[in-house]
Amino acid sequence: MSIPIEEQLAVLQARTVDFFSPEELKRKLEAAQREGRSLRIKYGADPSAPDIHLGHVVGLNKLRAFQDCGHTVVFIIGDFTGMIGDPSGRSNTRKPLSREQVQANALSYQEQVFRILDRDKTEVRFNSEWLSPLGFEDVIRLSAHVTVAQMLARDDFSKRYAANQPISLVEFLYPLVQAYDSVVIRADVEIGGTDQLFNLLLGRELQKLMGQEPQIVLTLPLLEGLDGVNKMSKSLGNYIGVAEPAKEIFGKAMSISDDLMWRYFSLVLNRSDKEIQEWREQVADGKLHPRDVKDRLGRELVARFFDAETGEAASQEFRRVFSAGQIPEDIAIFPIPGDFKDEEGRVGVVALLVASGLCASNGEARRLLQQGGVRIQDNKVTDPQYRFIPDDGMIVRAGKRGFVKLAL
RNA sequence: GGUGGGAUAGCGAAGUGGCCAAACGCAUCAGACUGUAAAUCUGACGACUCACGUCUUCGAAGGUUCGAAUCCUUCUCCCACCA
């Protein structure tokens, strides 16, 4: 608890994009230390997508840093907003969630979040607690604090407005609700991605208007997803979830581009800039193989959410399957139904591929065959008419990632 | 309240009577290559049969026509602008 303030500041400031403001934070830290209390760090989560991914980890890492300095994280689950639904987002209208769904999601959320956060220094709150009792009058009073011009100042809104794209009134209300959360929980600090800057600042404003000391706002970079272009998000499907199986985490890590891996080292694994810079130079000089660096990334990511041994195993498994072209360890078993064989006891490849789930349709199975993606016991099969007598334990391989072991 | 625009395959977006299972881009998948589920190149990408062909798709339901994603009617939903 007695970490020097300067040291705390350095850790807390690392990798931030916006920071309002370091001086204020310093004052707050000093005051807290004097009064022997911890700061309240706010973090809001949307309950509609209970998959925590590496994009979230960037923020969670920062929260953890605050906790390690002795502060308290107030983790707000936006169940209220989740139950109302949200017309935002370009296309997909979010469906309102039922109370049960929200509860289930919240549990799953916590289970994942505490892989990073310190449970003892975290206060989990649901914003329906204070938002549900609000009356329409309260809402209007709240809205009176903000003008449309202020709202339109938000990058996302101004762009859409200019492009004649719809903006729902509810979307205007959301930042306000989020700001109000800050007031209710008396946040000292709020953190979020750079896309949250506006909302975070609004919290500051509202706190001031309501006679509170304004929260410190700091934003963190948005982590690019697997495609290397868009930010990591569930809806784009370009994410690595912290609760995914180890080999998925590893495999996905290996699929990112060489350039991108440095970002992951920095933002997810908290590697120092200096260290990363050294590696980069070694790779550029040819002293270090990028594949090995990425392998390390994969191992460390798995180790982060499981343990070092699991990371090592995932790495070896990956080598075996993709580098050496061998069979994975935990291969799925497909028991061949009795009536599947013809009079001579043979089965057709196409039917087998579909029945075992390796292909979604006969057409897809044929295509895969014609493209040379199917192997039975290491023999390439390209003829869709091919029939064979199955043997117990035969391995059928479809593409790079599809494996099935036959059982009679 | 008024005016205009729109709804096409996972997404974006062409197509305005037959040559449309529907261009193109992205995503996805496969192959080659490799350092890997990177990059690059090539190919595939509704279903059934795969050889021809058949069937179901272009917001929904009807209709016109030998023939409709394309024309008409009604309906549903969405958007912008002006009030």
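Reminder, nothing fancy here: chain letters follow the sequence lines and each chain counts from 1. Since the structure is predicted, the reported quantities are computational estimates derived from the model, not experimental observations.
- B:G59 and B:U70 are spaced 15 Å apart, taking the C1' atom of each and rounding to whole Å.
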Tabulate below the donor-acceptor pairs under 3.5 Å that side-chain atoms of residues 352-374 of chain A make, not counting sequence neighbours, or state none.
unit_1, atom_1, unit_2, atom_2, d
A:Ser356, OG, A:Leu352, O, 2.8
A:Ser356, OG, A:Leu353, O, 3.2
A:Ser361, OG, A:Glu364, N, 3.2

Taking distance alone, no hydrogens or angles, what donor-acceptor pairs closer than 3.5 Å link side-chain atoms of residues 287-311 of chain A to residues at least two apart or in another chain?
unit_1, atom_1, unit_2, atom_2, d
A:His289, ND1, A:Arg291, N, 3.0
A:Lys294, NZ, A:Ile256, O, 2.6
A:Lys294, NZ, A:Asp258, OD1, 2.8
A:Asp295, OD1, A:Ser315, OG, 2.8
A:Asp295, OD2, A:Arg299, NH1, 2.4
A:Asp295, OD2, A:Ser315, OG, 3.4
A:Arg296, NE, A:Glu300, OE2, 2.8
A:Glu300, OE1, A:Arg271, NE, 3.4
A:Glu300, OE1, A:Arg271, NH2, 2.9
A:Glu300, OE2, A:Arg271, NH2, 2.8
A:Arg304, NH1, A:Asn61, OD1, 3.3
A:Arg304, NH1, A:Val268, O, 2.9
A:Arg304, NH2, A:Asn61, OD1, 2.8
A:Asp307, OD1, A:Glu309, N, 3.1
A:Asp307, OD1, A:Thr310, N, 2.9
A:Asp307, OD1, A:Thr310, OG1, 2.8
A:Asp307, OD2, A:Thr310, OG1, 3.4

Study note, to complete from the structure: Whether each nucleotide of nucleotides 34-40 of chain B has a protein heavy atom under 4.0 Å at its base (B), only at its sugar-phosphate (S) or at neither (-) is summarised, 5' to 3', as -BBBS--
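- One interatomic measurement links the two molecules: CG of A:Leu358 to C1' of B:U28, which rounds to 17 Å at whole-angstrom precision.
- Among the heavy atoms of the strands lying under 4.0 Å from A:Gly363 is at least one base atom, whether or not backbone atoms are also near.
- By the side chain to side chain donor-acceptor pair (under 3.5 Å) test, A:Asp227 is found to be paired with A:Asn230, A:Asn238, residues two or more places apart in sequence or in another chain being considered.
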Taking N or O atoms only and anything under 3.5 Å, show me the protein contacts with nucleotides 41-46 of chain B, one pair per line.
unit_1, atom_1, unit_2, atom_2, d
B:G43, N2, A:Gln371, OE1, 3.0
B:A44, O4', A:Gln371, OE1, 3.2
B:A44, O2', A:Arg367, NE, 3.0

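- Nucleotides B:C20 and B:C55 are separated by 16 Å at their C1' atoms, to the nearest Å.
- Applying the Watson-Crick and G-U wobble criteria (two distances, each under 3.5 Å), B:U70 pairs with nothing in any strand.
- Summary of the strand contacts: A:Pro384 and A:Asp227 both lie near RNA chain B, and taking for each the nucleotide with the nearest heavy atom, the more 5' one is attributed to A:Asp227.
- With both pairing distances under 3.5 Å, B:A51 is matched to nothing as a Watson-Crick or G-U wobble pair.
- Straight-line distance between the P atoms of B:U42 and B:A47: roughly 25 Å, to the nearest whole Å.
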Identify every side-chain donor-acceptor pair in residues 202-223 of chain A under 3.5 Å, counting partners at least two apart or on other chains, and give the distances.
unit_1, atom_1, unit_2, atom_2, d
A:Arg204, NH1, A:Phe20, O, 3.4
A:Arg204, NH1, A:Glu24, OE1, 3.3
A:Arg204, NH1, A:Gln215, O, 2.9
A:Arg204, NH2, A:Glu24, OE2, 3.0
A:Gln207, OE1, A:Gln215, N, 2.6
A:Gln207, NE2, A:Ser182, O, 3.4
A:Gln207, NE2, A:Ala187, O, 3.1
A:Gln207, NE2, A:Gln212, OE1, 3.4
A:Gln212, NE2, A:Val183, O, 2.9
A:Gln215, OE1, A:Ser182, OG, 2.9
A:Gln215, NE2, A:Glu190, OE1, 3.0
A:Gln215, NE2, A:Leu200, O, 3.0
A:Thr219, OG1, A:Asp18, N, 3.0
A:Thr219, OG1, A:Asp18, OD2, 2.7

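- Within the structure, ring pair (Phe, Tyr, Trp, His ring centres under 6.0 Å) pairs that include any residue of residues 251-277 of chain A comprise A:Phe265-A:Trp279 (at least two apart or interchain).
- Identified under the ring pair (Phe, Tyr, Trp, His ring centres under 6.0 Å) test for residues 189-247 of chain A, with sequence neighbours left out: A:His53-A:Tyr239.
- Between B:U49 and A:Asn362, a contact under 4.0 Å exists linking OP1 or OP2 to a side-chain N or O.
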Would you tabulate the side-chain donor-acceptor contacts of residues 394-408 of chain A under 3.5 Å, counting partners in other chains and residues two or more places apart, or write 'none'?
unit_1, atom_1, unit_2, atom_2, d
A:Arg397, NH1, A:Gly325, O, 3.1

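- Shown here, B:C41 forms a base pair with B:G31; the pair counts as Watson-Crick or G-U wobble because both key distances fall under 3.5 Å.
- With respect to the salt-bridge test (charged N to carboxylate O, under 4.0 angstrom), the residues A:Glu224 and A:Lys231 do not qualify.
- Remark: A:Arg387 does not engage A:Glu344 in a salt bridge, criterion side-chain N to carboxylate O under 4.0 Å.
- Base-pair partner of B:C19: not found among the strands shown (Watson-Crick or G-U wobble, both distances under 3.5 Å).
- Nucleotides B:A69 and B:A13 are separated by 15 Å at their C1' atoms, to the nearest Å.
- If you measure from atom CG of A:Leu369 to atom P of B:C29, you get 18 Å, rounded to the nearest angstrom.
- In this structure, the OH atom of A:Tyr239 is 19 Å from the P atom of B:A27, given to the nearest Å.
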Each nucleotide N or O in nucleotides 77-83 of chain B that has a protein N or O under 3.5 Å away: list the pair and distance.
unit_1, atom_1, unit_2, atom_2, d
B:A80, O2', A:Asn164, ND2, 3.4

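- Within the structure, every pair that satisfies the ring pair (Phe, Tyr, Trp, His ring centres under 6.0 Å) test and touches residues 309-351 of chain A, not counting sequence neighbours, is listed here: A:Phe250-A:Phe318, A:Phe318-A:Phe322.
- Base-pair partner of B:U56: not found among the strands shown (Watson-Crick or G-U wobble, both distances under 3.5 Å).
- Side-chain N or O atoms of A:Glu7 include none that pairs as donor or acceptor with a backbone N or O of A:Pro4 at under 3.5 Å.
- A gap of 50 Å separates the P atoms of B:C45 and B:G1, to the nearest Å.
- Comparing B:A68 with B:C79, their C1' atoms are spaced 27 Å from each other, to the whole Å.
- When the P atom is compared between B:G2 and B:U16, the two are found 32 Å apart, to the nearest whole Å.
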List the atom pairs, donor and acceptor, that lie under 3.5 Å between side-chain atoms in residues 113-121 of chain A and the rest of the protein, sequence neighbours left out.
unit_1, atom_1, unit_2, atom_2, d
A:Arg115, NH1, A:Val242, O, 3.3
A:Arg115, NH2, A:Glu111, OE2, 3.1
A:Asp118, OD1, A:Asp120, N, 2.9
A:Lys121, NZ, A:Gln67, O, 3.2

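- Here the OG1-CG distance, from A:Thr382 to A:Asn379, works out to 11.5 Å after rounding to the nearest 0.5 Å.
- Using the Watson-Crick or G-U wobble rule with both distances under 3.5 Å, B:A9 pairs with nothing in any strand shown.
- Using Watson-Crick or G-U wobble geometry with both donor-acceptor distances under 3.5 Å, B:G1 finds its partner in B:C82.
- B:G17 and B:G4 have their P atoms separated by 23 Å, with the value rounded to a whole Å.
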